[in-house]
2 protein chains.
Amino acid sequence: MCADTTDFAQALRDAGLRATQQRTVLLSILMESVDHPNADELYARAKTIDDSVSLATVYRTLSALEEAGLIRRLNFENEPARFEITPVAEHDHLVDIDSGEVIELSSDEITRLRQELVEGMGYEILSQHTLIRARKKPG
Amino acid sequence: MCADTTDFAQALRDAGLRATQQRTVLLSILMESVDHPNADELYARAKTIDDSVSLATVYRTLSALEEAGLIRRLNFENEPARFEITPVAEHDHLVDIDSGEVIELSSDEITRLRQELVEGMGYEILSQHTLIRARKKPG
DNA sequence: TTGACTATTGCGAATGCGTTGCATTTACAT
DNA sequence: ATGTAAATGCAACGCATTCGCAATAGTCAA
């Protein structure tokens, strides 16, 4: 009994969502994406599998998956939102402003430091995300 | 001789921008704002001083001031961009998701840690910003 | 000062990302 | 199988922001 079978439909039901064809397709695409696609890109990829999906459903599904905690919405600057499967370990993002490449930064120590700071102020953190814009150093 | 006279027009020229009436008004409003207004709010405040300003000019001015480095654009989640005078000391923002209040977090130590991490990867940081969503702890 | 040159403005229309109303379809419990 | 609520596709909409264009206003040189 392998618990990690890629049974996307079951994953949806486990999260309390109805396992529709469209949601299953979108979840599977997100699962195998190594980049951080936006809604339009997901729409394009989904249509190659099931060309009946609509953009409205892509947006509605992304909101549903986010609310269920299955995915995370990334709000970068001056561009449409991107999405990733909810990471097991917290991480931040660095955007290479020349290439547009998005790099994930693990940041255990920094996350913990910030948590202590904010909790000392009487708050509990719901989410935290750092966005770094950077450029490759010459040499 | 006080170098800090609030000569907004001169500040604009020093930054390489033409000192128009509209830009001067907007810069002065931002200078005396303690909150983090968005374009609409700035438009409303500006109209009480010079009711001829248009929303388009507010947006164009904000882009110009940002590009000149005089102000910083804050991209929060699911809301229009907010703006603040470029801070002398780096800081991040905590949004109280119940009240909507925005709290500035100074973060010298964390900023420095992150800088070391990223530079070790061969990048130079152009900007970094952390957004924390949090809720006041009971008690 | 005056003029001339160009950046900036106001207006309204256009864009882009995302959401919504509604009639139809579909998942899933009975 | 069947009923019912939830999800879908489509097209219309909403909001934040940008753009084209003719008119205006800074700035700089004379």
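A sub-4.0 Å separation between OP1 or OP2 of C:dT9 and a side-chain N or O of B:Gln21 is absent. OP1 or OP2 of C:dT8 has not a single side-chain nitrogen or oxygen of B:Thr61 nearer than 4.0 Å. Using a 4.0 Å cut-off, some side-chain N or O of A:Ser52 falls inside it from OP1 or OP2 of D:dG9. Within the structure, every side-chain polar atom (N or O) of B:Thr20 is placed at least 4.0 Å from both OP1 and OP2 of D:dG26. For the pair B:Arg13 and D:dG26, the criterion of a side-chain N or O lying under 4.0 Å from OP1 or OP2 is not met.
Note: CD (B:Glu77) to P (C:dC17) measures 19 Å, nearest angstrom. If you take CD of B:Glu67 and P of C:dA7, they are 14 Å apart, rounded to a whole angstrom. Distance B:Glu79 CD to D:dA16 C1': 12 Å, rounded to the nearest Å. With rounding to whole Å, B:Asn78 atom CG is found 19 Å from D:dG14 atom P.
Interatomic distance, B:Phe8 CZ to B:Thr24 OG1, rounded to the nearest 0.5 Å: 9.0 Å.
No engagement by A:Arg73 is indicated, since no non-hydrogen atom pair under 4.0 Å with the nucleic acid exists. Residue contacts for A:Ala64: at a heavy-atom cut-off of 4.0 Å it reaches no nucleic acid atom on any strand shown. Across all strands, A:Arg23 comes closer than 4.0 Å only to sugar-phosphate atoms, never to a base (heavy-atom distances).
With hydrogens and angles ignored, no donor-acceptor pair closer than 3.5 Å exists between the side chain of A:Arg60 and the base of C:dG18.
Between A:Glu124 and B:Lys137 there is no salt bridge, since no side-chain nitrogen of the basic residue lies less than 4.0 Å from a carboxylate oxygen of the acidic one.
If you check D:dT8, C:dG18, C:dT8 against the side chain of B:Arg18, the one that comes closest is C:dT8.
With DNA chain D read from its 5' end, the first of the two nearest nucleotides for B:Ala19 and B:Tyr59 is the one closest to B:Tyr59. Positionally, the nearest nucleotide of DNA chain D for A:Tyr43 lies more toward the 5' end than for the other of A:Tyr43 and B:Ala56.
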